[in-house]
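Written below as structure tokens is the structure these notes are about.
Hydrogens, waters and symmetry mates are skipped; everything else that's a heavy atom, side chains included, is used. Remember, it's a predicted structure, so these values are computed and weren't measured experimentally.
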Amino acid sequence: MKNSILIVTYILFFSIVTFGQNRSQIISTVNKLLSENEFKLAENLLETNYIDNSSDLEYVWLYAYTAHKNKHEKLAKHLYKKAISIVPDNMDLKLEYARALYESGNLREIQPLINVLKKSAIDQSEVLLLEAKTNYWKGMFGKANESLKEFNSIYPESNLTNELAKSIDETRSPNLRMYVSYFTDNQPLQAVSEQIEFGQYRSWLLYPTLKVKNFNFSSSSQVVAVSVSNLFQFVGIGLSSKLEGGVYYNQNINKTNFIGAVSLTKSFFKKINLEVGLNRNPYIATRVSTTYDLLQNNAYATIESGIIKPIFLHVGYNFQFFEDQNNIQTFGIWGLSKPIFKTLFKLQLGYGFSYSDSKTILYVPSKPIVANTTDGYSIVEGEYSPYFTPDDLLINSAIIVMGIKVAKKIEITVKGNYGFYAQAKIPQLSSISEQLNNSNITLASYKSKFNPFDLEMSINYNLNNKFTISAKSSYFDTYYYNSLNTVVSLNYRF
């Protein structure tokens, strides 16, 4: 506090004494503030006296650097260009500008500067390394390797390229993921499933992945799905797209069908991501759905933002539709704080809201029942079939995430989500006849409050840079349903 007061006093003193006339004292004060990491105060002082020094190279250059340190990239970009216009042949200035663009993630404008710098007499070590790093993050590994090769020919004794060359090799290495899971719920339905994914990142246009899934259900059904996908990444404009296509086979009915997905992701201002997509997959979450050809389609849009510094925000909308012309619409929003403790123990808190509703409620008798009532009225036991259809379902929930690094290579994560205020229209089947049958069973609903929750615990063990083992178990409970899912996964990079 005392130090801050002295600094402010220092700035005020020099603002009065040097206003409009003593630029060297202003620069001296700014350099002192920068050495003490007082970037905001330094920028305020430079801004105050900029009009009188806007044609001075040293002043504008220092202002540009300070703005960049404060992450005011738009201002920094303007000032660097202003400084370059004052002395167009200053290669050190252009190198610093290229470095600032790289550090701010603005990869599109770096290459023209690098092309100029490579033709100059400036030391080429940082120029070539910066070019290689830029192409690496663009996914242009061939060009990155060309820059590294040129660097090594000029500086054969240097080891500065070793780390980047290793990163390129690791990124382009084939990757194998294997999953085994056991699922059980109160329908009752059990399933044992296996999944294998094999992919290799080759370039920004080629990242193919083969995926094979096998599900074995307690309903004596088996479902196998095979798909191939490719990821396209246009890093320079913050755009990526994924295409996936395949087939699935349901052994119970001896039938195959096509599945697939397409998605598009766009980044804005580095802290906002918009994703839209459409997918078509088998619906295999109920006993009945595992025994015949039931496909679900989902059109969705999500926005994720870290623009509010202490909070990560997610907003999403999903339109789920089926061949029977029914549809389910879901809107959700949740926010999660950044880790509260920056130690081996991490804690995050958040809030979530979701709302779901269906065009038609599909709720049917779960088994034939004969009424034993004297007045002919009976409540009929029912179930959602062939898929879950929420009715005016609203949930407000509290979120907690805890991470514990128990060893250098072992981390445990616990996630909890508790619906402290939730309500929905609960379906109810009834009959007014003594002998129950489908023709005289009526469907009604009543609004009810409940407290859904889910709990997940995972452990991750990084055996080495190539091999990772993970285990995760999650429990979910709501007004009509509960389930337990356990997954063990292996990840190996060749």
Side-chain angles (χ1 to χ4, degrees), residues 179-193 215 217-219 283-290 296 298 314 316 318 320 328-336 347-358 361-367 379-404 412-429 445-459 470-489:
Y179 305 84
V180 177
S181 69
Y182 173 73
F183 173 87
T184 181
D185 65 23
N186 65 335
Q187 295 186 69
L189 180 67
Q190 291 84 39
V192 176
S193 64
F215 301 87
F217 296 97
S218 56
S219 56
Y283 186 98
I284 45 176
T286 63
R287 286 181 299 173
V288 174
S289 66
T290 65
Q296 61 172 325
N298 292 276
H314 175 99
N318 188 74
Q320 184 181 25
I328 303 168
Q329 299 187 61
T330 301
F331 170 78
I333 180 171
W334 54 264
L336 192 64
L347 175 66
Q348 294 174 272
L349 302 175
Y351 163 79
F353 169 84
S354 67
Y355 177 81
S356 299
D357 196 30
S358 306
I361 307 303
L362 303 179
Y363 195 76
V364 300
S366 57
K367 55 185 177 180
I379 300 298
V380 180
E381 185 178 346
E383 65 181 1
Y384 290 102
S385 181
Y387 51 87
F388 171 58
T389 48
D391 188 3
D392 203 19
L393 173 61
L394 180 150
I395 301 175
N396 294 271
S397 57
I399 305 169
I400 183 170
V401 179
M402 295 181 291
I404 307 170
I412 297 175
T413 302
V414 178
K415 300 177 183 179
N417 193 331
Y418 178 75
F420 59 87
Y421 181 84
Q423 64 180 26
K425 290 180 180 178
I426 310 299
Q428 186 177 78
L429 296 171
S445 65
Y446 62 95
K447 184 165 286 190
S448 177
K449 295 180 180 179
F450 58 100
N451 297 108
F453 69 91
D454 60 83
L455 183 64
E456 176 185 300
M457 180 176 179
S458 62
I459 181 168
S470 301
K472 179 175 69 175
S473 185
S474 55
Y475 179 79
F476 174 73
D477 187 277
T478 187
Y479 68 89
Y480 73 98
Y481 178 77
N482 62 68
S483 66
L484 176 65
N485 190 30
T486 302
V487 182
V488 177
S489 62

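Look at K415 and D454 and you find no salt bridge, because none of the NZ, NE, NH1 or NH2 atoms lies under 4.0 Å from a carboxylate O.
Annotation for P390 and S358: closest pair O-OG, 2.8 Å, computed over non-hydrogen atoms. Nearest heavy atoms, S218 versus P188: OG-O, 4.5 Å. Nearest heavy-atom pair, Y179 versus S489, reported as atom, atom and distance to 0.1 Å: CD2-CB, 3.4 Å. Scanning all heavy atoms of the two residues, the minimum distance from N482 to D185 falls at O-CB, 3.2 Å. Residues N485 and Y182 approach most closely at OD1-O, 3.2 Å, considering heavy atoms. Closest of all the heavy-atom pairs between L484 and S473 is CD1-OG, 3.7 Å.
Under the 4.5 Å side-chain criterion, counting only non-hydrogen atoms from C-beta, Q187 is in contact with Y481. The shortest distance between side-chain heavy atoms of M457 and I412 falls below 4.5 Å. For the pair I361 and S445, the minimum side-chain heavy-atom distance is 4.5 Å or more. Using a 4.5 Å cut-off on side-chain heavy atoms (C-beta onward), L394 and F353 make contact. With contacts defined as side-chain heavy-atom distances shorter than 4.5 Å, the pair F183/V192 does not qualify. The closest side-chain heavy-atom distance from R287 to E383 is below 4.5 Å. Residues F420 and F453 have side chains not in contact (no heavy-atom distance under 4.5 Å, counting atoms from C-beta outward). For the pair L347 and M402, the minimum side-chain heavy-atom distance is below 4.5 Å.
Note on ring orientation: taking the six-membered ring where Trp is involved, the planes of F388 and Y384 are perpendicular (angle over 60°, cut-offs 30° and 60°).
Considering CG of L189 and OG1 of T290, their distance stands at 6.0 Å, rounded to 0.5 Å. Interatomic distance, CH2 of W334 versus OG of S397, reported as 11.0 Å (0.5 Å rounding). Y363 contributes atom OH, which lies 9.0 Å from atom CD1 of I426 (distance to the nearest 0.5 angstrom). To the nearest 0.5 Å, atom OH of residue Y446 and atom CD of residue Q428 are 6.0 Å apart. For the atom pair OH (Y355) and CG (L393), the distance works out to 8.5 Å, reported to the nearest 0.5 Å. Interatomic distance, CG of D357 versus CG of D392, reported as 5.5 Å (0.5 Å rounding).
A donor-acceptor pair under 3.5 Å is absent between the side-chain atoms of T286 and the main chain of S385, judged by distance alone.
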Decide side-chain hydrogen bond (donor to acceptor under 3.5 Å, both in side chains) for N396 and Y351; before the verdict, give the C-alpha distance in whole Å, the side-chain angles of both, and the deciding distance to 0.1 Å. CA-CA 8 Å; N396 294 271; Y351 163 79; 2.4 Å; yes
Using side-chain contact (heavy atoms from CB on, under 4.5 Å), reason through I328 and N318 one step at a time and then give a plain yes or no. CA-CA 8 Å; I328 303 168; N318 188 74; over 6 Å; no
Apply side-chain contact (heavy atoms from CB on, under 4.5 Å) to V401 and T413, showing your working. CA-CA 7 Å; V401 179; T413 302; 4.3 Å; yes
Is there a side-chain contact (heavy atoms from CB on, under 4.5 Å) between Y387 and S289 once you walk through the steps? CA-CA 7 Å; Y387 51 87; S289 66; 6.0 Å; no
